[in-house]
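The structure appears right after this line, and notes come after that.
Proteins get letters first, then strands, A, B, ... in listed order; numbering begins at 1 in each.
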2 protein chains.
Amino acid sequence: MRGSSRVIRSGRDGWESVDRRPYKEDGQHFRSVTRQMLLGEDPGQTTLGFVVRYFEIGAGGYSSLERHGHAHAVLVLRGRGRVILGRDVFEVHPFDCVYVAPDATHQFQAADDESLGILCIVNRERDRPHVIPPRESGNSAARG
Amino acid sequence: MRGSSRVIRSGRDGWESVDRRPYKEDGQHFRSVTRQMLLGEDPGQTTLGFVVRYFEIGAGGYSSLERHGHAHAVLVLRGRGRVILGRDVFEVHPFDCVYVAPDATHQFQAADDESLGILCIVNRERDRPHVIPPRESGNSAARG
């Protein structure tokens, strides 16, 4: 199936005709995260071998502490926060890029007083994540 | 080969340790375009089935008017300009997304007084573009 070229406009409340969804349907290991599928999920866009998602993490929130066999390509779009990569922690700002290697334990955290918006691109075909209990991560900055 | 997780910091003059290169090595069918390979090109990042590039088009500049069998996923990061998609023309602003369908003739143009910076994600394996003479495009806004 093959879709048409199109522009998806960005507005104050997100992208037009793009739903803001829960980050995940279940679990207590994340906080204040929404997800918007920007490109590649539409049935007309499957010649793209990847999907482009936008995640917004509210102030004080965080994504799952997890690992998986696929890599992440991330570009920070808005706000301020930090990323856990294995035993390291890095502050991140708009337009910083993050490469999350296969099997690296990782977590994105918004600042306490500011949300964090990230673009995250992944292969269309990929394995499911494993959630890691923070105490098993060896990283005292991990939350969950 | 398998690289390590890393953060690539964005600064005033682009991303650290990312070269700013010519857009293409040859041709007269584009103007004032530079290219930076952000993620996926590094030999340690080939488990990503895609590459993430950043193109900056100077004020009054434009990319090649071209088409190819692979699709483009584009997110505007900076500036102002427009995109030609077949016979249509759309103004674009930061965070607008553009899906360029397979075989669609397309061109990104910066505004006359402002540059345009776009993130463009493509499959790692893809065909080569064909440059289209503007007069054959059926779009009076096409340049080249």
Select one option (side chain, backbone, both, neither) describing which atoms of A:Val7 are under 4.5 Å from chain B's heavy atoms. both
Main chain of B:Leu48, side chain of A:Asn123: is a donor-acceptor contact present, judged purely on distance under 3.5 Å? no
B:Leu119, part contacting chain A, at a heavy-atom distance under 4.5 Å: side chain
So, for A:Trp15 and B:Leu75, which heavy atoms are closest and what is the spacing to 0.1 Å? CZ2-CD1, 4.2 Å
Interatomic distance, B:Tyr54 atom OH to A:Cys97 atom SG [nearest 0.5 angstrom]: 11.0 Å
Indicate the atoms forming the closest heavy-atom contact of A:Ser4 with B:Ala101, along with that distance. C-CB, 4.0 Å
Which pair of heavy atoms, one from B:Phe95 and one from A:Leu77, lies closest together, and at what distance? CZ-O, 3.5 Å
Of the non-hydrogen atoms in B:Tyr99 and A:Thr47, which two are nearest, and what is the gap between them? OH-OG1, 4.0 Å
Quick one: what part of B:Val83 sits under 4.5 Å from any heavy atom of chain A, side chain, backbone, both or neither? side chain
Would you say A:Ile84 and A:Phe55 are hydrophobically clustered, going by side-chain heavy atoms of ILVMFWY under 4.5 Å? no
So what's closer than 4.5 Å to chain A heavy atoms on B:Val122: side chain, backbone, both or neither? backbone
Hey, which of A:Ala71, A:Gly11, A:Gly40, A:Gly69 has the most heavy atom pairs under 4.5 Å with chain B? A:Ala71
So for B:Val98, is it side chain, backbone, both, or neither that comes closer than 4.5 Å to the heavy atoms of chain A? both
Are B:Leu116 and B:Tyr62 linked, directly or through other ILVMFWY residues, by side chains that come within less than 4.5 angstrom of each other? no
Part of B:Arg78 within contact of chain A (heavy atom distance under 4.5 Å): side chain
Do A:Tyr23 and A:Val74 belong together in a cluster built from hydrophobic side chains that touch within less than 4.5 Å? yes
Tell me the closest heavy-atom pair linking B:Arg9 and A:Glu91, and the distance in Å. NH1-O, 2.7 Å
Using 0.5 Å steps for rounding, measure from the CD1 atom of B:Ile121 to the CD1 atom of A:Ile121. 3.5 Å
Rounded to the nearest 0.5 Å, what separates atom NE2 in A:His72 from atom CG in B:Leu39? 12.5 Å
Examine whether an atom of A:Val76 lies under 4.5 Å from a heavy atom of chain B, and if so say whether it belongs to the side chain, the backbone or both; otherwise answer neither. neither
